[in-house]
Amino acid sequence: MLEEALNEINRGCAEIIDNERIEKLLTTYFDEGKTYTVKAGFDPTAPDLHLGHTVLLQKLATFQKYGARVQFLIGDFTAAIGDPTGKSATRKVLSKDEIQSNIKSYTTQAFKILDKDKTDIVYNKDWLDSLGTVGLIELSSTLTVARMLERDDFSKRYSANTPIAVSEFLYPLLQGYDSVHLKSDVEIGGTDQKFNLLMGRQLQKVYETKKQQAVLMMPILEGLDGVQKMSKSLNNYIGVTDEANDMFGKILSISDELMWRYFELLSTKSITDIDLLKSGVEDGSIHPKKVKEDLALEITARYHSEEEAQNAKAEFEKVHAKSQIPTDIDEFSCDGEVWIAKALVDCNIEPSTSQARRDIKQGAVKINQEKIQDMQLQLKAGEYVLQVGKRKFAKLRVN
RNA sequence: GGUGAGAUAGUCAAGUGGCCAACGACGGCAGACUGUAAAUCUGCUCCCUAUGGGUUCAGAGGUUCGACUCCUCUUCUCACCA
């Protein structure tokens with residue numbers, strides 16, 4: 001039992017610091033039924049979860065299975081500073097209401113994966129607000145600038161002459177202080193969080209919490225492009241609230257190479273099963289597309305239902321293999337004759353009439369499955385199915 | 001506080017008075033080929049019913065027939081010195 005638990009927890013991890021601590025925690029849980037705490041921090045600025053986040057959540061769920069209480073930390077205080085990613089030096093400040101509604105949708109999504117009864121939602125504003133200037137200075141005196149600059153993205157930005165705000169130094173410190181306050185036993189996060197996660201250990205030592213948290217890092221899930229991490233701002237994500245059709249389609253559009261990565265981090269299939277598939281593809285006995293479809297089915301079913309996943313698959317076949325028109329497409333209507341370019345913009349499948357013209361010129365625009373060339377075309381009364389490229393559809397009724 | 005350098009489209013980055021809606025790279029979109037994969041090839045990539053017009057090169061003024069390019073001020077960044 002203990003061994004099984006340890007294997008499950010180790011599965012897919014990028015790095016574990018202080019694995020002995022985890023072993024001890026699990027041992028006492030199995031021997032004495034004593035629970036322990038696992039902390040994970042979440043940023044309330046992005047209310048929509050995508051599959052990248054679920055890598056962490058699934059790991060937390062595993063911990064819950066083996067006696068952990070999850071400290072689901074909402075970084076409502078630290079969000080105001082912004083984690084130094086270098087991308088968004090200035091963050092827009094969210095209003096209380098925005099944060100509240102973000103958190104709400106965040107947690108409802110998270111509880112699709114996590115056990116609600118074994119989760120404590122905590123807000124770091126609750127203790128960081130009262131830290132005060134003195135506390136903050138005390139906190140910041142525990143670390144040197146040189147040490148701070150060891151953090152990879154700081155040193156990169158520093159040598160690349162991109163600005164670093166002093167406030168950004170505070171982010172890791174405050175995140176670490178969260179661990180001091182919560183007396184966390186384990187903290188998990190992405191590999192990109194390594195510095196911040198270790199800060200928790202460091203500060204727990206300085207503040208003499210007696211015990212230092214174990215740190216478990218999950219790899220960052222690549223987005224659809226297979227290169228950059230999955231994120232909403234890069235628009236390469238699969239959201240857990242995505243429609244079944246979208247979800248299925250997006251998974252099928254990833255590269256074969258990336259598919260294995262998704263298997264490793266998102267599938268519930270065992271490692272041996274995955275290896276079997278892999279060798280099957282290598283010796284040509286299994287078509288890679290079939291394997292990818294199975295992955296897409298599994299994931300789509302998890303966030304929707306088996307039935308919806310099957311429907312999505314059928315729909316996909318229909319649209320792409322047989323190049324028919326999808327079942328559900330957005331409908332629009334307008335009065336009088338419409339110029340085709342304008343119509344495409346109005347139906348939200350082209351950003352501007354200039355772009356629409358270019359696409360028409362290139363033969364990317366179809367009306368009722370027929371390619372069109374005439375960019376002066378006027379649509380008379382009737383119903384049309386407009387299409388741009390392979391995946392943008394709209395139905396337009398001209399009155 | 002002082003001195004110097006810099007700010008150009010989604011990103012990086014050329015352009016130092018007209019040939020500039022602005023080289024190039026990446027990204028993105030589309031076409032061909034496919035398995036809506038990868039790789040490859042091709043075209044496009046500010047807006048506008050367009051062989052034309054409009055608005056752009058941090059912001060505000062100015063010089064000039066004409067400014068991304070020159071001058072002044074402002075904002076922001078970086079480096080060195082303190």
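Chain letters run A, B, ... following the sequence lines, proteins first and then strands; every chain starts at 1. Just so you know, these numbers use all the heavy atoms, side chains as well, and skip hydrogens, waters and symmetry mates.
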| request: State the syn/anti category of B:A25 according to its glycosidic angle, syn meaning within 90° of 0. | output: anti
| message | Any donor-acceptor pair under 3.5 Å linking the side-chain atoms of A:Glu15 with those of A:Thr191? | response | no
Just the table, please: protein N/O against nucleotides 40-43 of chain B N/O, every pair under 3.5 Å.
| residue | atom | partner | partner atom | Å |
| --- | --- | --- | --- | --- |
| B:G43 | N2 | A:Gln362 | OE1 | 3.0 |
| B:G43 | N2 | A:Gln362 | NE2 | 3.3 |
| B:G43 | N3 | A:Gln362 | OE1 | 2.8 |

| Should A:Arg357 be listed as having a side-chain N or O under 4.0 Å from OP1 or OP2 of B:C46? | no
| message | Check this one for me: any side-chain N or O of A:Ser253 less than 4.0 Å away from OP1 or OP2 of B:A37? | response | no
| request: Looking only at side-chain atoms of A:Lys392, point me to the closest of B:G31, B:A30, B:C48. | output: B:A30
| Got a donor-acceptor pair under 3.5 Å from the side chain of A:Asp225 to the base of B:G27? | no
| Same-atom distance (P) from B:A22 to B:G54, integer angstrom | 15 Å
| A:Asn236 CG - B:G10 P separation (whole Å) | 19 Å
| Whom does B:C20 pair with, Watson-Crick or G-U wobble, provided both distances fall under 3.5 Å? | none
| query | Is the shortest side-chain N to carboxylate O distance from A:Asp18 to A:Arg201 below 4.0 Å? | reply | yes
| field | Spacing between A:Trp260 atom CH2 and B:A38 atom P, to the nearest angstrom | value | 17 Å
| message | Could you tell me how far apart A:Lys292 (NZ) and B:U34 (P) are, to the nearest whole angstrom? | response | 17 Å
| note | Sorted by chain and residue number, the side-chain hydrogen bond (donor to acceptor under 3.5 Å, both in side chains) partners of A:Glu20 (sequence neighbours excluded) come out as none
| request: Might you work through the side chain to side chain contact (heavy atoms under 4.5 Å, CB included) test for A:Ile113 and A:Gln58, ending with a clear yes or no? | output: CA-CA 6 Å; A:Ile113 298 164; A:Gln58 282 175 313; 4.1 Å; yes
| note | Rounded to whole Å, CD1 of A:Ile251 lies from P of B:A38 at a distance of 16 Å
| Can you tell me the Watson-Crick or wobble partner of B:C80, both distances under 3.5 angstrom? | B:G2
| query | When you match A:Asp256 and A:Ile340 each to their closest nucleotide on RNA chain B, which lands nearer the 5' end? | reply | A:Asp256
| task | For atom NZ of A:Lys118, decide whether the heavy atoms of other residues, nucleotides or ligands shown that lie under 6.0 angstrom number more than 12. | result | yes
| Side chain to side chain, A:Asp178 and A:Val122, heavy atoms closer than 4.5 Å | no
| In whole angstrom, what separates A:Leu224's CG from B:G27's C1'? | 15 Å
| remark: The residue, A:Pro351 or A:Lys250, whose nearest nucleotide of RNA chain B is more 5′ is A:Lys250
| Nearest-angstrom distance from the residue atom CD of A:Glu222 to C1' of B:A38 | 16 Å
| query | Between A:Ser354 and B:U45, is there a side-chain N or O to OP1/OP2 distance below 4.0 Å? | reply | no
| Between C1' of B:G31 and CD1 of A:Ile372, the distance in whole Å | 15 Å
| field | Between CD1 on residue A:Ile274 and NZ on residue A:Lys269, distance to nearest 0.5 Å | value | 7.5 Å
